[in-house]
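A quick write-up on the structure given underneath.
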Amino acid sequence: MKLRPSRILRELRAGQNPTVFKLNLIDPRIIELAGLAGASAVWLCNEHVPNDWLNLEHQIRAAKLHDMDTIVRVNKGGYSEYVKPFECDATAIMVPHITSAEEARNVVDMVRCRPLGSKALDGGNMDGLFCQVSLADYVTHCNTEKLVILQIESPEALEQVDEIAAVPGYDALLFGAGDYSHRVGLLGQATHPDVVAARKRVAAAALKHGKHVAVASLFGQKEQLIEEGTRIFTLGADVIELGNALRKMVTSFHGDAPAAAADSVYASK
């Protein structure tokens with residue numbers, strides 16, 4: 001028996017740009033739609049969405065039907081919140097609101113095996129094929145085919161970003177334009193020069209220390225993001241695309257011009 005390798009890592013190693021679709025809705029069938037569309041991964045959320053662990057397992061199974069990775073944004077702070085998504089066989093966790101190198105080191109220590117960290121071992125879940133693979137294979141897989149993504153979302157974190165990026169044992173930094181713009185008094189202005197400058201600073205620190213660069217949305221700046229070194233792209237979100245489609249149908253029926261969608265940190269601008 002073989003453990004499933006990461007599609008994101010496979011595509012990165014081949015020089016490709018993995019594509020991610022963010023989900024706020026928790027029906028696993030939406031994940032299958034993303035897979036049929038050809039996405040590399042889905043971004044599932046345990047931070048802001050009323051999901052549960054059993055449904056998360058169903059979502060992850062749906063993704064694997066289409067060889068998609070799953071990135072689970074966790075609730076910040078707890079050991080179980082970080083480890084359980086991996087034990088459900090998520091490919092990656094995304095930890096929000098990292099503010100210091102110490103926090104980054106603590107995350108790595110909790111979810112990586114020796115020599116990178118001190119993760120508690122339990123191969124009896126889906127990520128260990130229910131003890132049907134050796135512990136040696138399980139440990140190697142944890143350290144080489146599972147991703148850890150840290151979010152930089154505040155001016156305080158930006159001041160520490162070089163130190164955070166230098167911490168070994170995790171894979172990528174993702175700049176949170178929505179929360180950062182809010183914190184600096186530029187609510188929702190993801191393309192404001194000050195917000196873009198912060199994003200570029202995060203990307204530069206990540207590349208300097210051998211980390212991948214990820215973004216939460218294109219914001220209409222695909223080529224600029226590629227120039228900055230971004231490799232992992234979130235293309236949109238289910239609630240936005242569904243809302244836009246429903247609005248278009250209703251307004252087309254009534255003969256009105258489609259109303260503009262509300263500003264969103266995930267909308268392409």
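Hydrogens, waters and symmetry mates are skipped; everything else that's a heavy atom, side chains included, is used. Everything numeric in this text was worked out from a predicted model, so none of it was measured.
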ask   = Counting distance only, does the side-chain N/O of N143 pair as donor-acceptor with the main-chain N or O of C113 below 3.5 Å?
value = yes
L3 to D137 - nearest heavy-atom pair and separation = CD1-O, 3.9 Å
task = Consider only side-chain heavy atoms of I, L, V, M, F, W and Y, link residues closer than 4.5 Å, and tell whether L173 and Y82 are in one cluster.
result = yes
query = Do the side chains of D69 and K146 get nearer than 4.5 Å, heavy atoms only?
reply = no
request  = Could you state whether V42 and I30 fall into the same hydrophobic cluster, counting links through intermediate Ile, Leu, Val, Met, Phe, Trp or Tyr residues with side-chain heavy atoms under 4.5 angstrom apart?
outcome  = yes
Y138 OH to Q132 CD distance, which is reported to the nearest 0.5 Å = 14.0 Å
message = Just so I know, are the side chains of N46 and L56 near enough to count as touching, which here means a heavy-atom distance under 4.5 Å?
response = yes
task = Answer yes if L25 and V72 sit in the same cluster of Ile, Leu, Val, Met, Phe, Trp and Tyr residues linked by side chain heavy atoms under 4.5 Å apart, and no otherwise.
result = yes
ILVMFWY network linking V161 to V195, side-chain heavy atoms under 4.5 angstrom = yes
task = Report yes if the side chains of Q59 and T70 come closer than 4.5 Å at any heavy-atom pair, otherwise no.
result = no
request  = May I ask you to check whether over 12 heavy atoms, not counting those of K64, lie within 6.0 Å of atom NZ?
outcome  = yes
request  = Starting from the C-alpha separation in whole Å, work towards a yes-or-no answer on salt bridge (Lys or Arg N to Asp or Glu O under 4.0 Å) for R201 and E159.
outcome  = CA-CA 10 Å; R201 186 171 169 185; E159 290 306 307; 3.4 Å; yes
inquiry  = As a quick check of understanding, evaluate side-chain contact (heavy atoms from CB on, under 4.5 Å) for L158 and V202, giving each step before the final call.
reply    = CA-CA 7 Å; L158 188 66; V202 172; 3.7 Å; yes
query = With no hydrogens and no angle check, do the side chains of D179 and Q151 hold a donor and an acceptor under 3.5 Å apart?
reply = no
ask   = Are the side chain of H66 and the backbone N or O of M68 linked by a donor-acceptor pair below 3.5 Å?
value = no
task = Locate the shortest heavy-atom distance separating S80 from P85; write the atom from each residue and the value.
result = O-CD, 4.1 Å
query = Where is the tightest heavy-atom contact between I26 and V49, given as atom of each residue plus distance?
reply = CG2-CG1, 3.5 Å
query = Is there a side-chain contact between P96 and V74, using heavy atoms and a 4.5 Å cut-off?
reply = yes
key: Minimal non-hydrogen separation, I8 against P18, with atom names   = O-CG, 3.7 Å
query = Within the distance-only criterion (no hydrogens, no angle test), does the side chain of T234 pair as donor or acceptor with the backbone N or O of V215 below 3.5 angstrom?
reply = yes
query = Checking R112 side chain against C142 main chain: does a donor-acceptor pair fall under 3.5 Å?
reply = yes
Residue pair R231, D171: steps toward the salt bridge (Lys or Arg N to Asp or Glu O under 4.0 Å) verdict = CA-CA 12 Å; R231 298 290 308 281; D171 302 278; over 6 Å; no
inquiry  = Are the side chains of F86 and V111 in contact, using a 4.5 Å heavy-atom criterion?
reply    = yes
task = Measure the spacing between CG of N244 and CZ of R247 and express it to the nearest 0.5 Å.
result = 5.5 Å
Intermediate values then yes/no, side-chain contact (heavy atoms from CB on, under 4.5 Å), F219 and V196 = CA-CA 11 Å; F219 299 113; V196 170; over 6 Å; no
Minimum heavy-atom distance between K200 and Q224, given as atom pair plus value = CE-NE2, 3.6 Å
key: Spacing of CD1 belonging to I60 relative to CD belonging to E87, to within rounding of 0.5 Å   = 11.0 Å
key: Student check: side-chain heavy atoms of V239 and K22 closer than 4.5 Å   = no
task = Please assess I226 against F233 for the test side-chain contact (heavy atoms from CB on, under 4.5 Å), listing each intermediate value before the final yes or no.
result = CA-CA 10 Å; I226 290 174; F233 292 88; 3.5 Å; yes
query = Stepwise, does the side-chain contact (heavy atoms from CB on, under 4.5 Å) test hold for E47 with M94?
reply = CA-CA 10 Å; E47 182 188 16; M94 182 189 300; over 6 Å; no
Single-linkage hydrophobic cluster W53~L23, side-chain heavy atoms < 4.5 angstrom = yes
key: Smallest separation among heavy atoms of R199 and F175, with atom names   = CB-CD2, 3.4 Å
note = dist M1:CE -> F130:CZ (nearest 0.5 Å) comes out at 10.5 Å
key: Heavy-atom neighbours of E102 CD exceed 12 at 6.0 Å   = no
query = Between D52 (side chain) and L54 (backbone), is there a donor-acceptor pair under 3.5 Å?
reply = yes
I71 side chain reached by L147 side chain, heavy atoms, under 4.5 Å = no
message = To the closest 0.5 Å, what do you measure between CD (E153) and CG (L174)?
response = 8.0 Å
task = Quickly, which of R4, R13, K2, R10 forms a salt bridge (Lys or Arg N to Asp or Glu O under 4.0 Å) with E145? Name it, please.
result = R13
ask   = Do L150 and V148 touch side chain to side chain, with heavy atoms closer than 4.5 Å?
value = yes
inquiry  = Please report the interatomic distance CG(N51) to CZ(R73), rounded to the nearest 0.5 Å.
reply    = 13.0 Å
message = Looking at H182, I'd like to know if its NE2 atom is crowded, meaning that more than 12 non-hydrogen atoms belonging to other residues, nucleotides or ligands lie closer than 6.0 Å.
response = no
